[in-house]
Amino acid sequence: MEQDRRLDRYVSGVLHAGMILSISVLALGLLMFVLSPGAETSIPLDRLPEELMRLSPVAVIDLGILLLILTPLARVLAAAAIFAAQRELRFVLASLAVLAAIALAIVL
Amino acid sequence: MDLLLTVGVLLAAAFAGIIGSMFGLGGGIIIIPVLTLGLGIDMKDAIGASLIGVIASSTGAASRYVSEGLVNIRLGMILEPATTLGSIVGAFLAIYLEQNVLALVFAAVLVYSAFYMYRRPEVTVHTRREGFCQYLDACYVDQRTGDMVEYRVRNLRRGLLASFAAGNMSGMLGVGGGIVKVPAMNVWMGVPMRAATATSNFMIGVTAVAGAAVLYVNGLIPPVLAATVALGVFAGANIGPRLIRHTAGRTMRRYFALVLIAISALMVLEALGLTGGA
């Protein structure tokens with residue numbers, strides 16, 4: 001049970017951090033967009049860094065969306081790490097299977 | 001987007017976040033019709049924004065539910081690969097099958113589970129030993145009564161099949177997952193309603209990630225709309241868990257049955273082409 005508390009703490013920590021981070025970036029991006037409106041089209045991933053350097057509002061919003069998409073993945077990794085530390089092989093495998101299934105979906 | 005539209009999107013998203021986080025649903029079933037029918041937004045944009053909303057709903061609600069100890073993380077992790085694979089298979093099947101017929105079949109299944117959940121009380125097997133929660137069996141403190149609730153997970157295989165079907169449904173119809181998983185966990189697997197909805201909330205984000213990543217890479221997520229939806233949903237997903245905290249499991253089950261009926265009605269309307277969407 002002590003172990004479960006640890007699992008809960010780490011996983012909720014990752015989810016909470018992801019939530020706060022993406023809310024902040026999304027809100028900042030939306031604010032920037034309101035102050036200097038432009039095209040509402042999404043920016044391709046490879047051009048995102050340079051657009052971010054130029055402080056383009058839509059690029060900031062896209063970064064926030066990316067952070068939001070990465071949050072569930074991060075919590076799968078966090079859980080996998082804790083299962084590994086607790087030597088719960090079955091659940092480490094389950095976590096990896098989750099990641100593999102997502103990768104499969106993206107590749108297909 | 002003008003101011004009025006923005007306010008409309010925020011309110012719709014917050015409402016979807018509240019309902020979704022209370023019942024373990026993604027909320028897409030609410031967001032998509034409101035955006036398309038209510039606010040005249042393009043279907044494609046609505047789907048992209050709603051997937052981001054689902055991730056926000058799941059992240060916001062789960063961060064709260066996990067820290068309250070309500071989420072059965074192990075059970076969620078075991079069921080997640082089945083859901084994700086199910087949604088991949090569903091996306092392919094969608095190309096070959098008549099979607100309207102599928103929607104009607106699913107709606108019938110939902111109505112059946114609604115009646116079942118409304119009339120029967122939940123059956124959970126409680127473990128005997130104090131503080132004995134390990135492997136898939138879990139325990140949590142019920143905020144309403146202050147009691148420690150311990151339960152044993154049954155029928156893992158049927159649960160895996162149901163998760164696969166739930167993924168199928170979201171892959172084929174772009175709707176649901178939660179509406180199949182919650183009854184499956186609650187009715188078949190013996191997971192108390194409160195833990196089932198919390199665990200479903202936790203799982204939904206991962207299922208949505210695959211779809212969201214594909215859309216993102218192809219530039220199909222409208223940034224401003226998606227960001228507005230996400231912020232609204234986050235607000236709702238932080239309110240919902242507080243509202244449901246003091247509701248008894250029995251009552252939750254009844255509310256859920258009503259939500260199921262409403263959703264199947266929406267699906268039937270859409271399948272018959274009466275809403276003009278999809």
Side-chain angles (χ1 to χ4, degrees), chain A residues 1 3-5 7-9 11-20 22-23 25-27 29-30 33-34 37 40-45 57-62 64-66 68-73 75-76 79-80 83 88 90-91 94-106 108, chain B residues 1 6 48 52 55-56 58-60 62-69 71 73-74 76-85 87-88 91-92 131-135 138-139 202 204-214 216-217 219-228 230-231 234 237-238:
Chain A
M1 194 178 167
Q3 293 192 331
D4 274 11
R5 287 276 125 234
L7 183 63
D8 284 351
R9 221 173 37 238
V11 170
S12 72
V14 168
L15 289 171
H16 200 72
M19 176 171 80
I20 299 295
S22 46
I23 288 180
V25 176
L26 286 173
L30 278 179
F33 186 83
V34 169
E40 288 192 22
T41 43
S42 165
I43 293 168
L45 210 50
V58 173
V60 176
I61 294 177
D62 269 345
I65 291 175
L66 205 56
L68 186 54
I69 295 179
L70 290 175
T71 302
L73 295 179
R75 75 109 169 113
V76 174
F83 288 135
E88 294 183 67
R90 188 191 288 239
F91 292 101
S95 319
L96 295 179
V98 174
L99 295 177
I102 292 173
L104 185 67
I106 295 173
L108 288 174
Chain B
M1 291 203 298
T6 308
I52 296 302
I55 300 179
S58 168
T59 303
S63 81
R64 181 171 292 274
Y65 286 134
V66 172
S67 68
E68 287 175 1
V71 174
I73 295 183
R74 287 187 177 77
M77 300 291 266
I78 289 274
L79 297 180
E80 270 162 16
T83 321
T84 313
L85 285 178
S87 71
I88 298 174
F92 277 100
F132 176 78
C133 342
Q134 57 179 30
Y135 190 49
C139 51
F202 175 74
I204 278 167
V206 162
T207 318
V209 158
V214 173
Y216 184 88
V217 171
L220 290 174
I221 291 180
V224 178
L225 180 64
T228 313
L231 290 183
F234 268 132
N238 278 289

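Any value given below was found using the heavy atoms of this structure, including those in side chains, with hydrogens, waters and symmetry copies removed. So that the names make sense, note that chain A is the first sequence line, chain B the second, and so on, each numbered from 1.
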Closest approach of Pro81(B) and Ala97(A), non-hydrogen atoms and distance?
CG-CB, 3.8 Å
What part of Ala27(A) is in contact with chain B, defined as an atom under 4.5 angstrom from a non-hydrogen atom: side chain, backbone, both or neither?
both
Is the Lys NZ or Arg CZ of Arg74(B) less than 6.0 Å from the centre of Phe83(A)'s six-membered ring, within 45° of the axis?
no
Side chain Arg75(A), main chain Phe202(B), donor-acceptor under 3.5 Å
yes
Proximal component of Ser95(A), with respect to chain B [non-hydrogen, under 4.5 Å]
both
Does a side-chain heavy-atom distance below 4.5 Å link Leu225(B) with Glu40(A)?
no
Looking only at heavy atoms and a cut-off of under 4.5 Å, which of Ala230(B), Ala91(B), Ala56(B), Ala226(B) has the most pairs with chain A?
Ala56(B)
Any non-hydrogen side-chain atom of Thr71(A) less than 4.5 Å from a side-chain atom of Ile55(B)?
no
Proximity breakdown for Leu104(A) and chain B, heavy-atom pairs closer than 4.5 Å
both
Return the minimal non-hydrogen interatomic distance between Ala105(A) and Ala210(B), and the atom names on each side.
CB-CB, 3.6 Å
Chain B shares the most heavy-atom pairs under 4.5 Å, among Leu26(A), Ile43(A), Leu30(A), Val14(A), with Leu30(A)
Assert top hit (heavy-atom pairs under 4.5 Å, partner chain A, pool Ile78(B), Leu85(B), Leu79(B)) equals Ile78(B)
Let's test your reading of the structure: which of Val71(B), Val214(B), Thr83(B) forms the most heavy-atom pairs below 4.5 Å with chain A?
Val214(B)
Side-chain touch His16(A)/Val66(B), heavy atoms, less than 4.5 angstrom:
no
Side chain / backbone / both / neither for Thr41(A) at chain B, heavy atoms under 4.5 Å
backbone
To the nearest 0.5 angstrom, please state how far the OG1 atom of Thr228(B) sits from the CD1 atom of Ile61(A).
7.0 Å
Measure across Ile106(A) and Ala213(B) and return the closest heavy-atom pair with its distance rounded to 0.1 Å.
CD1-CB, 3.6 Å
Whatever's closer than 4.5 Å to a heavy atom in chain B on Leu68(A) counts as both
Supply the atom-to-atom distance Ile52(B) CD1 to Ile69(A) CD1, rounded to the nearest 0.5 angstrom.
4.0 Å
Within a strict 4.5 Å, meaning less than it, do heavy atoms of the Met77(B) and Val76(A) side chains meet?
yes
Counting heavy-atom pairs closer than 4.5 Å to chain A, which one of Ile73(B), Val217(B), Thr207(B), Leu220(B) comes out on top?
Ile73(B)
Proximity breakdown for Ile221(B) and chain A, heavy-atom pairs closer than 4.5 Å:
both
Could you tell me if the side chain of Phe33(A) sits less than 4.5 Å from the side chain of Pro223(B), heavy atoms only?
no
Region of Leu45(A) that comes under 4.5 Å of a non-hydrogen atom in chain B:
side chain
